Each structure stands twice: as structure tokens, then as C-alpha cells.
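Here the structure is laid out as C-alpha cells; the discussion comes afterwards.
Chain naming here is simple, since letters A, B, ... match the order of the sequence lines and numbering starts at 1 in each. Please read these numbers as outputs of a predicted model, since none were measured by experiment.
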Amino acid sequence: MTAKTGYIDFSNLEDEPLDPAVEALISKGQRTEAERRLPAKERKAKAKERAKAEARKGARALYDLDPALIAAVKRVAGKTCTTASQVAAVAIIRFLADVEAGKVDLRDYRTPSDSPRYEFNIDLEKVKNDAV
Amino acid sequence: MSVIIAIANQKGGVGKTTTAVTLAHGLALRGKRTLIVDLDSQGNVADYLGMESGPELARLLNPVLAEPVAKCTISSGRENLDVVRSDKTTVALKTALSGLDFREFALAEALDKSDGYEYIILDCAPSVDVLHTAALVAADWLIAPTQLSQGSVKGVRDLLVSLADVHRKRRTVCQLAGVLPTFYDRVTGESQGQLENLVKNFRRFVLPPIPADTKTREASRAGKTLFEYAPTCRALVGVASNGGRAEGGYNQVIDRLLEVLR
């Protein structure tokens, strides 16, 4: 769209940015078109990749963790020849079971938070000490 | 002062009335007092709103009657949305206007006295006649819906030639707000190719496309707007693009218009 002044010189629009929605739909269409031209085998691989990505939706979470914890999970995964995601899943499953069973009470580790979004922080140092 | 938007394309079947009615009701739902004026003797705006067609346009623009706009508008039965209906009497109106000097200014003059509307949407007929020119003279902005086919894109070119002609001869302010691709089908190569062709020609003037959607036909048959008949249909909310975000659709077009047309 344009400001309400002057005539439009349609011969001189090449460098003008596109509406973001139009750009997104065109790039999606071009990708689809490019995929259509691939050999059948590659087309199948692409479709499989897309299906995998679709299936992964909702199965990923991003948490802020101490790098030492991330390294520890990796270490265990390496030792047991499995993936870090699965080791993290085992740790979470066991922890949640302990919470359910009353073996762990997070209220013991809470400290007041300055954040307007959360009332408490968890004192991770205390958790570590207790775990040891 | 009202913002007057003409919805025009000389080619028929490109989605002009659907666009006019949907934009008008969309603006009304966003709290903008809106008037839709049907300039087509087929009187389809009334059908799309579930009303009988009527002779209000002929009464508004008749050189003898020249009734004030307040007397020629009727409520659409929806909050913030009034309508000036049209019917077969519009054919006689065009004949009556054709003998007048300054006939192209008749609509602009009539709408000058339309206080209280933030937006006035003009739904043009698919022909180049006196009312078509009068709409371009009266409007501040022009939206050109176009089906994604070779013929329709040419129709936009012809329309822009008309607009340039109106600028040159009648010193009006009407500017192109955008070319609106309708019946967008992301699956077919033809639709995609024509969208790219449109973008190559009109760049930033290409508005977010309206996906092809049978709900639009069903809604008009039911005499309801898309917001009433199928508020989550593709024609309103768009289709997924890269990254899964919905793009296109009338909701996005209304957002764009509200950003710019003030």
C-alpha cells in the first residue's frame, strides 16, 4: 500500500519490499514446487522428514539448566549408550514419582523471588547438597 | 470525513462483492461505523447480507430526486453496518445520469453529506460505466480483487489504466490501496505462478491473498457474511505458510487496511 500522494510508477517497484504474508506464502509455494520436481525417492524422503517434524511438534521443551547438569546428563547417556533426551526423561519421571509419593517437597527448597512473574525460586545449591 | 474505498475490477467473478461485504462487516465488527454502497444493478450486496434488493442507490443519485444519503441508507441488521442497496432501477439511473454534465461527480457529491461513517465501501459492477467512473472519482482508495488467472491479472492492468485516466482528467485523489489476490489455491502451480506474476508486476501493492474457500459461496447462499457463517474458515483466517503461521485471509487484509488507510 502507499501513502496518499502522487502517482504510482509501476516500472520502479523492483526494490520495494513485499507484504510479509505474501512473501511467506510465495516462499512456501516455491518450496512445494521445488519438491515436486525432485526424483520420487527424494520426494519420499522429504515427505518422511516433514512427517517426522510434524510428529515431534509438542514433544520439545526448552529449559534453562546449569551447564554442569546438561553435561552430567550427556555423560550418563554416553555411559549407557542412549540419548540425552531419554536420560533426562528418566530423571524427570523418577523425580515426579517422588513428588507424587511425598518423598520430595519442593516447598523445602523455595526462596522468595524478585520476579513479578514468579513468587519463588528453587535453591538449587540446597537441592544438590541434600542429594549428596 | 469518511474513508471511501472502491472495490473494483472490470472482470466479473473475481470476488468483488464477497470482498466488499466481508471488509465492510469486518470493519463494522472492529467498531468502525461502516456504509456499504452497491453500485451493481444485480443488487448482490443485499443478497449477501440476507436482505431484499432495493432502489436506494437510484434514489440517492437520481438527478431529480437527489435524496440525502441519510434517507437512502438502511440498517443491515448488524451493528455499525448500514447499506445503500441497488436493484434493476440502477439501469435506468445510469441512463438518466448519462445525459448530465459532471455525472462522474454525482456519487462523490452525494457521499460528501454522509456524516458519521468512518468507512464507506463501494461495491462496483464488473463493467466500465458511469457508476464505475463515479466510484473512482468518489473513492480515496481502490482495492482491486483479482482471481489468480491470466485474464484477471490483465483486468487489474485495465483498471489501473482507468484510474490513471480518472486522475488525469478529473484530478481526483483515489489511490491504489492494493491488488487483492482471491481464490488462492496454494496446491496448484497455476495459482502459485499467477501470484508470483502479480508480485512481479505490483510488488508491495499485492495484499495478503484470500484462499479459495467454498464457505464463501455457502455464506452468500445463506444470506450471511463469512463472520456469521464460518468465522474460522480459510477465507477469513488464511492458510499455513512456512513455519506453520497462518497467512492471508480477510482478517489479515482488514488489519493491513486499518494500519494504512487513515
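Both the backbone and the side chain of B:E196 come within less than 4.5 Å of a heavy atom in chain A. Both the backbone and the side chain of B:V239 have a heavy atom closer than 4.5 Å to some heavy atom of chain A.
For the ring-ring contact (aromatic ring centres under 6.0 Å, His included) test, no residue two or more places apart in sequence or in another chain qualifies with B:H132. Remark: A:D114 engages no residue in a side chain to side chain donor-acceptor pair (under 3.5 Å) (not counting sequence neighbours).
Under the 4.5 Å side-chain criterion, counting only non-hydrogen atoms from C-beta, B:Y250 is in contact with B:T18. The shortest side-chain heavy-atom distance between B:L23 and B:L257 falls under the 4.5 Å cut-off.
Ranked by heavy-atom pairs under 4.5 Å with chain A, the list B:Q192, B:R203, B:E247 is led by B:R203.
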